[in-house]
J.: 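One structure is given below, represented as structure tokens, and several questions about it will come after.
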Amino acid sequence: MSNQQVLMTAVGSYLPAKVVSNDDLSTFVDTDDTWIRRRTGISQRHIVAEGETTADLAKHAALEALANAKLTGDDIDIIIVATTTPDNTFPSTASKLQHQLGAKTAIAFDVQAVCAGFIYALDIADAMLQSGRGCRALVVGAESFSKLLDWKDRSTCVLFGDGAGAVILETSQDSADWGIRSSVLHSDGAYRDILYVDGGPSINGKVGHVRMEGKEVFRHAVEKLAEVMDEALVAAKMSFEDIDWFVPHQANIRIIDAMQKKMGLASDRVVRTVDKHANTSAASIPLALATAINDGRIQNGNVVAMEAIGGGLVWGAALVKFGRPALT
Ligand code: ACO
């Protein structure tokens, strides 16, 4: 085992300018603000403008993360974009981002694990950096999820939003106990038909729309997220008391609150952005992380617990001691 650590040193985020409230939605679909708030905790979502793409969102978030880390594209060896809503079927959104950032020597690829995409991408980047594939990685979660919605289906169209978040990962030889302390991933394709998109290149050549059995997904979410968080804690040799901040996937306030109670955490240790962002799939965790770092809640050296579940089913959790130790 090497004593090399993979640090998370900076974050960035971006939300499209257009805000759509619950009342806005109720003008064209049979829903209302009270139902959406009570069942989901969502009050608004950001939606991309005409012509604005997932790569555009990713670029804004990535540039902010690079600036916060005092780096440029040239410094990055690996770019991973977690997205289910790429600009094109191919090439990857990460390739486009690599060009936009001028990250000439970086390798770049997308990861598709829907709402768990950020945790998957973090795990992959950590493993690649640990194995010597480079010194710095840019991991982005970016989605134009509004492009996958059936705006006549009230059971899904009220739940999602668009946005992007990015983190910089850097290797360090002398930062014991800092950085990514553990990450755990799971998949179970037996449940692929409770949350899916009814289109794709080899199915019907269409982009398709999100279809979901909400109650079933909810049931699996509470059960599987609790289990995987336990696994991540065991892998990191940590306990719930070691967690400073819980930054869960922002799908539904009821899932987040159920997890908070199971973990025995104080409510003010949980970062909740679902009210303002709705479910931005792979972007939701890095967006929430950036929100709490920018407003000063998450500080250098805090231990952050993250978890997510998405269509597949795929799910995972990660524990990170954010930032880097002070120079002595
Ligand atoms: N407005 C008003 N009424 C609605 C709406 C709406 N937007 N949507 C559904 N309803 C109605 C239903 O028609 C139903 O009416 P009925 O009782 O007359 O039949 C009633 O509200 C209850 O509907 P349910 O679907 O049973 O509501 P539930 O309490 O399960 O909440 C929800 C639905 C919010 C989707 C919830 O199940 C949920 O959050 N599930 C998990 C979603 C999730 O975590 N996804 C994460 C992964 S996402 C990814 O990977 C892309």
Side-chain angles (χ1 to χ4, degrees), residues 13-49 52 57 84-85 114-118 141-165 194-198 208-223 225 246-261 267-268 270-292 307-311 313:
S13 63
Y14 181 76
L15 288 159
K18 185 177 175 189
V19 174
V20 176
S21 70
N22 294 343
D23 285 338
D24 293 334
L25 292 182
S26 67
T27 62
F28 61 87
V29 66
D30 182 15
T31 189
D32 60 82
D33 181 58
T34 307
W35 191 96
I36 301 172
R37 280 180 200 260
R38 280 210 186 124
R39 299 287 176 125
T40 71
I42 297 166
S43 58
Q44 62 170 54
R45 69 286 294 141
H46 291 250
I47 301 288
V48 285
E52 191 173 34
L57 307 183
T84 301
T85 48
V114 207
C115 298
F118 180 74
E143 301 281 13
S144 307
F145 222 80
S146 58
K147 300 283 171 73
L148 293 180
L149 300 177
D150 174 354
W151 290 101
K152 294 190 185 84
D153 177 8
R154 69 178 183 173
S155 71
T156 52
C157 77
V158 304
L159 303 175
F160 297 92
D162 302 333
I194 63 170
L195 178 53
Y196 66 101
V197 166
D198 60 4
H209 294 127
V210 175
R211 304 296 174 204
M212 177 168 76
E213 290 178 36
K215 270 200 193 323
E216 271 299 284
V217 175
F218 194 103
R219 192 174 62 78
H220 283 287
V222 174
E223 179 191 301
L225 291 174
F246 178 43
V247 185
H249 172 47
Q250 307 285 321
N252 187 315
I253 198 71
R254 291 185 290 140
I255 298 174
I256 294 171
D257 290 348
M259 277 299 297
Q260 174 233 322
K261 289 196 181 88
S267 184
D268 63 2
V270 181
V271 178
R272 297 176 177 87
T273 53
V274 66
D275 58 331
K276 296 280 190 292
H277 302 168
N279 181 349
T280 56
S281 190
S284 97
I285 289 177
L287 263 172
L289 199 57
T291 301
E307 39 93 292
I309 184 165
L313 292 174

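Not measured: the values here are computed from a predicted model.
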J.: Can you see which heavy atom on Ala278 is nearest to which on Phe160, and at what distance?
T.: CB-C, 3.8 Å
J.: If the condition is side chain to side chain donor-acceptor pair (under 3.5 Å), which residues does His220 pass it with, not counting sequence neighbours?
T.: Lys224
J.: Report the residues that fulfil salt bridge (charged side-chain N to carboxylate O under 4.0 Å, His left out) with Asp32, sequence neighbours left out, ordered by chain and then residue number.
T.: none
J.: Could you tell me which residues satisfy side chain to side chain donor-acceptor pair (under 3.5 Å) with Asn252, sequence neighbours excluded, listed by chain and number?
T.: none
J.: Considering all heavy atoms of both residues, which atom of Pro248 and which atom of Val271 are nearest to each other, and what is their separation?
T.: CD-O, 3.6 Å
J.: Name all residues meeting the ring-ring contact (aromatic ring centres under 6.0 Å, His included) criterion together with Phe246; count only those two or more places apart in sequence or in a different chain, and write none if there are none.
T.: none
J.: What residues form a salt bridge (charged side-chain N to carboxylate O under 4.0 Å, His left out) with Asp275, not counting sequence neighbours?
T.: none
J.: With sequence neighbours excluded, what pairs up with Asp30 under the salt bridge (charged side-chain N to carboxylate O under 4.0 Å, His left out) test?
T.: Arg154
J.: Using every non-hydrogen atom in the two residues, find where Ala288 and Thr273 come nearest and quote the distance to one decimal.
T.: CB-OG1, 3.6 Å
J.: Residues in side chain to side chain donor-acceptor pair (under 3.5 Å) with Thr280, at least two apart?
T.: none
J.: Name all residues meeting the side chain to side chain contact (heavy atoms under 4.5 Å, CB included) criterion together with Gln260; count only those two or more places apart in sequence or in a different chain, and write none if there are none.
T.: Asp257, Leu265, Ser267, Val270, Arg272
J.: Report the residues that fulfil side chain to side chain contact (heavy atoms under 4.5 Å, CB included) with Ile47, sequence neighbours left out, ordered by chain and then residue number.
T.: Val20, Arg45, Ser146, Trp151, Asp162
J.: What residues form a side chain to side chain contact (heavy atoms under 4.5 Å, CB included) with Leu289, not counting sequence neighbours?
T.: Met8, Val11, Val167, Val247, Ile293, Ile298, Val304, Met306
J.: Check side chain to side chain contact (heavy atoms under 4.5 Å, CB included) between Glu213 and all other residues, then give those that pass, not counting sequence neighbours.
T.: Ile194, Glu216
J.: With sequence neighbours excluded, tell me which residues meet salt bridge (charged side-chain N to carboxylate O under 4.0 Å, His left out) with Arg211.
T.: Asp150, Asp153, Asp198
J.: Where do Leu159 and Ile42 come nearest, in terms of heavy atoms and distance?
T.: O-CD1, 3.5 Å
J.: Which heavy atom in His249 sits nearest to a heavy atom in Ser281, and how many Å separate them?
T.: CE1-O, 3.7 Å
J.: Which residue in the set Asn279, Ile256, Thr291, Ile255 passes side-chain contact (heavy atoms from CB on, under 4.5 Å) when paired with Gln250?
T.: Ile256
